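All values reported here derive from a predicted model rather than from experimental measurement. Chain letters run A, B, ... following the sequence lines, proteins first, then strands; residues in each count from 1.
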Amino acid sequence: MPKMHETNSNFIHDIIDRDLESGYVQEIHTRFPPEPNGYLHIGSAKAIWINYMAAKKYGGKFNLRYDDTNPVKEDDEYVRAIEEDLRWLGADPGGGIFYGSDYFDKCYEYAEKLIMDGKAYVCDLSQEQMSEYRGTLTEPGKPSPYRDRSIEKSLDLFRRMKAGEFAEGAKTLRARIDMSSPNMNMRDPVIYRILFAHHHRQGDKWCIYPMYDFAHPIQDALEGITHSLCSIEFENHRPLYDWVTDNIGFEKKPHQYEFARLNMTYTVMSKRYLRKLVETNTVDGWDDPRMPTLCGLRRKGYTPSAIFDFIARNGVSKALSMADVRLLEYCICEELNDTAIRRVAIVEPLKVTVTNYPAGQTEYFTFSNHPKKPELGSRELPFTGELYIEKSDFMAEPVDGFLRLRPNGEVRLMSAYILKCNEVVFDDKGQPCELLCTVDLETRNNKPADGRKVKGTIHWLSAAHTETAEVRYYNQLFNKENVATLLEDDNFDEFIGDDSLVIYGGCKLEPSLGSATTDERFQFVRMGYFIKDSKTDGVFNRISPLKSSFKPE
RNA sequence: UGGGCUGUAGCCAAGUCGGUAAGGCACCAGACUUUGACUCUGGCAUUCGUUGGUUCGAGUCCAGCCAGCCCAGCCA
């Protein structure tokens, strides 16, 4: 799949070009720094793609780094899932796999240095007090009474914090910057806090943990990251990022650049709501095919190349935007149209009896595995007097423009005869349950000799030659395009689409589908793209429908 | 009403030094078609949030205004 290795230029590449030309950097090094507190989603894939492609395009390196500075929110379970998703995407962390927590010793050392340089101090303010002292968006903050504590005192206190002498929340280490800065992040931000928590890698070694704003620039600098690419909500943190690298005095300073995160119609990207969907059993886990998670998309049958193609086509900018999920669907269809093997499946079978076909006779018709790629071969499908066709391919009272089968109408059976419907049998509910038809034996793979035009073509299967399966159609999980802006604490169920999952049982598949594996994607002819579910046997998931220009009315 | 960022078609998004609005998706029309798919052809912004200014000439420069997003966690 060459697509994921192609990228148009964007403003980040312009910055890199500039830095390379000026000689500011010689080699590009980026990283993807997920916090292991949830599963990766398609928005994460954008961050991965931007960082990975920047490194790849310039022959640089790309790291995976677990941002695990807060032990109370992180879990080892997510670490494995993240790496699996990253590797599935094909974004090889050739620069290495790291853990932010591996730098705790270094962070501690730099914190002491800052104290000794008079640039950080231990503060005894409680959380509430600190909030008061911080001021507001429009009013400057005021200095903490502990701000001018002596270096010796702060150093002593900080070491005792580390030794576990103080209760959680009793003290913090703060950077001494500017309490009147219009940027709230610069008003003496906390850089270390006391947390008596077990860390998934460090165990009980620490009871003080660095804050993101302090740890992240250090991690970047230590790994030799040149361009620290993150999403736009960190823009306000950039002055602090620079303050940290400046004041610790790194020789090679990484720089942070921000891009707009990915929003998409009919879904949510926040881990908080995704978790809620899982916990309330609204969906069947993080890998429910309706979820925007990478494991969900994978189970639904999406490919890494289609996902990256979607991200590339959307582009990279700083403008708040809402990507259209239809573009994602377009990307997977475009790829699968090219690569998926064609198969026949009847999702909602309607029985057809061919009254003029000799009872007990079977003949075979050749079906191409891919109409545009003869090199992919073909296979033979049996034809008998008892067939199934798709319910939706027959209308007892056809609407205008309906090209398929109707009473006394004709239709082409794909790769076989022209079929005529002579009689309709209805069930108790008035629904057609069987069609009595005849076949024009002269039209075996030929056009009618009399020149009459038969426009519709439908797919069919011999009733005696099928596998049975369940087929699941997934539609948008939410019924509102901009659902993310409508969600409040507990109202998301009113936005769940009624038809987000539609299950069809008793579907009839052509025999070869009985041996399908869970990583083969098929086009069920005229129906869409499908893949065998990886969790439940005998189930096929619809990856995407085919486009249709048939619009009744 | 403090600061930062953003504003080009229904959606996304290019637009170097100011020179007369790329491309993709969607949509519409037509051709082709034994998948109403695919493919192909054509159409789709006299106008760039807005108002002024500078200029022979402004999406690009300047000033003001408007709108949206982010920031007052010992979260990331």
Side-chain angles (χ1 to χ4, degrees), chain A residues 8-10 14 33-35 37 67-70 72-74 100 123 125-127 130-132 134-141 168-174 180-187 189-195 208-209 211-213 215-216 230-239 258 260 265 271 310 312-331 333-334 337-338 342 344 368 370-372 401-404 411-416 418 443 445-447 454-459 481 523-528 545-551:
Chain A
N8 296 319
S9 191
N10 58 52
D14 295 342
E35 183 185 16
N37 69 341
D67 205 345
D68 55 356
T69 52
N70 186 350
V72 308
K73 294 179 72 177
E74 294 143 12
C123 182
L125 253 28
S126 69
Q127 205 155 160
M130 198 180 291
S131 176
E132 285 166 33
R134 187 151 30 225
T136 69
L137 295 177
T138 52
E139 301 158 31
E168 231 171 68
K171 291 181 178 359
T172 57
L173 181 68
R174 297 227 254 164
S180 63
S181 170
N183 183 339
M184 302 294 287
N185 295 126
M186 300 299 269
R187 318 243 264 227
V190 169
I191 58 177
Y192 257 97
R193 76 290 215 183
I194 300 171
L195 243 30
I208 56 172
Y209 291 91
M211 298 289 287
Y212 166 87
D213 282 319
H216 203 85
C230 63
S231 51
I232 207 133
E233 67 271 24
F234 290 101
E235 202 157 26
N236 294 328
H237 296 244
R238 194 171 63 228
E258 310 85 14
T265 53
K271 284 180 189 168
F310 164 72
R313 284 173 187 262
N314 264 306
V316 181
S317 76
K318 297 185 71 162
L320 178 78
S321 63
M322 176 82 80
D324 195 334
V325 70
R326 287 179 303 179
L327 179 60
L328 212 213
E329 289 166 353
Y330 171 84
C331 290
C333 285
E334 185 191 52
N337 177 50
D338 189 50
R342 271 58 171 173
V344 178
S368 169
H370 190 124
K372 298 273 164 83
F402 187 73
L403 264 36
R404 287 103 88 168
V411 78
R412 164 68 68 177
L413 292 179
M414 186 178 279
S415 297
I418 285 175
T443 58
N445 250 320
N446 285 315
K447 297 223 189 306
V454 175
K455 270 211 136 183
T457 299
I458 66 173
H459 54 105
E481 196 167 82
Q523 183 192 102
F524 288 176
V525 138
R526 301 207 314 124
M527 301 304 282
L546 253 25
K547 225 164 58 171
S548 170
S549 56
F550 174 52
K551 295 176 184 94

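First and last contacting nucleotides of RNA chain B toward chain A (any atom under 4.0 angstrom from a heavy atom, 5' to 3' order): G2(B) to A76(B).
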Secondary structure string for RNA chain B (Watson-Crick or G-U under 3.5 angstrom, | for other-strand pairs): .((((((..(((......[...))).(((((.......))))).....(((((..]....))))))))))).....

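Here V316(A) lies in heavy-atom contact (under 4.0 Å) with sugar-phosphate atoms only. S415(A) comes within 4.0 angstrom of a nucleotide base, judged by non-hydrogen atoms across all strands. Residue E139(A) is classed as having no contact, given no heavy-atom separation below 4.0 Å to the nucleic acid. Note on K73(A): a base of the nucleic acid sits closer than 4.0 angstrom, heavy atoms only. Counting any heavy atom pair closer than 4.0 Å across all strands shown, N236(A) reaches a base atom. Counting any heavy atom pair closer than 4.0 Å across all strands shown, K171(A) reaches no nucleic acid atom. Within 4.0 Å of T136(A), counting heavy atoms only, lies at least one base atom of the nucleic acid. If you check every strand for non-hydrogen atoms under 4.0 Å, H237(A) touches a base. Base engagement by R412(A) is indicated by at least one non-hydrogen atom pair under 4.0 Å involving a base atom. M322(A) comes within contact range of the sugar-phosphate backbone alone, with a heavy-atom separation under 4.0 Å but no base atom that close. Across all strands, Y212(A) comes closer than 4.0 Å to base atoms (heavy-atom distances). Across all strands shown, L125(A) has heavy atoms under 4.0 Å from base atoms, whether or not it also approaches the sugar-phosphate. Nucleic acid contact class of F234(A) (heavy atoms, under 4.0 Å, all strands): base. Nucleic acid contact class of G456(A) (heavy atoms, under 4.0 Å, all strands): none.
Under the ring-ring contact (aromatic ring centres under 6.0 Å, His included) criterion, F524(A) pairs with F530(A), F540(A), sequence neighbours left out. Residues passing the side-chain hydrogen bond (donor to acceptor under 3.5 Å, both in side chains) test with S231(A) are E233(A), sequence neighbours excluded. Remark: H459(A) pairs with no residue by the ring-ring contact (aromatic ring centres under 6.0 Å, His included) rule, at least two apart or across chains. Take T136(A) and apply the side-chain contact (heavy atoms from CB on, under 4.5 Å) test, not counting sequence neighbours, and it matches T138(A), E139(A). Scanning for side-chain contact (heavy atoms from CB on, under 4.5 Å) contacts around K447(A) gives an empty result, with sequence neighbours left out. L546(A) meets the side-chain contact (heavy atoms from CB on, under 4.5 Å) test with Q523(A), Y529(A); sequence neighbours excluded. For R526(A), the side-chain hydrogen bond (donor to acceptor under 3.5 Å, both in side chains) test picks out D393(A), with sequence neighbours left out.
One P atom belongs to U6(B), the other to G15(B), and the distance between them is 14 Å to the nearest Å. Annotation: C38(B) and U47(B) have their C1' atoms spaced 36 Å apart (nearest Å). Here, G23(B) and A14(B) have their P atoms 15 Å apart, quoted to the whole Å. The P atoms of G42(B) and C48(B) are separated by 28 Å, rounded to the nearest whole Å. Between U46(B) and G59(B), the distance separating the two C1' atoms is 14 Å to the nearest Å. U1(B) and A22(B): their P atoms are spaced 37 Å apart (whole Å). Across the C1' atoms, A31(B) and C25(B) are found 23 Å apart, a figure rounded to whole Å. The P atoms of C11(B) and G73(B) are separated by 35 Å, rounded to the nearest whole Å.
Sequence order on RNA chain B of the closest nucleotides to E35(A) and S549(A) puts S549(A) first from the 5' end. Looking at which nucleotide of RNA chain B each of E168(A) and R404(A) is closest to, the 5′-most match is held by R404(A).
For G73(B), the base adopts the syn conformation, since its glycosidic angle falls within 90 degrees of zero.
Comment: K318(A) engages E235(A) in a salt bridge, judged by a side-chain N to carboxylate O separation of less than 4.0 angstrom.
In this structure a side-chain-to-backbone donor-acceptor pair under 3.5 Å is present from N314(A) to F310(A). One N or O on the side chain of D68(A) and one on the backbone of G100(A) form a donor-acceptor pair closer than 3.5 Å. Side-chain N or O atoms of T172(A) include none that pairs as donor or acceptor with a backbone N or O of V190(A) at under 3.5 Å.
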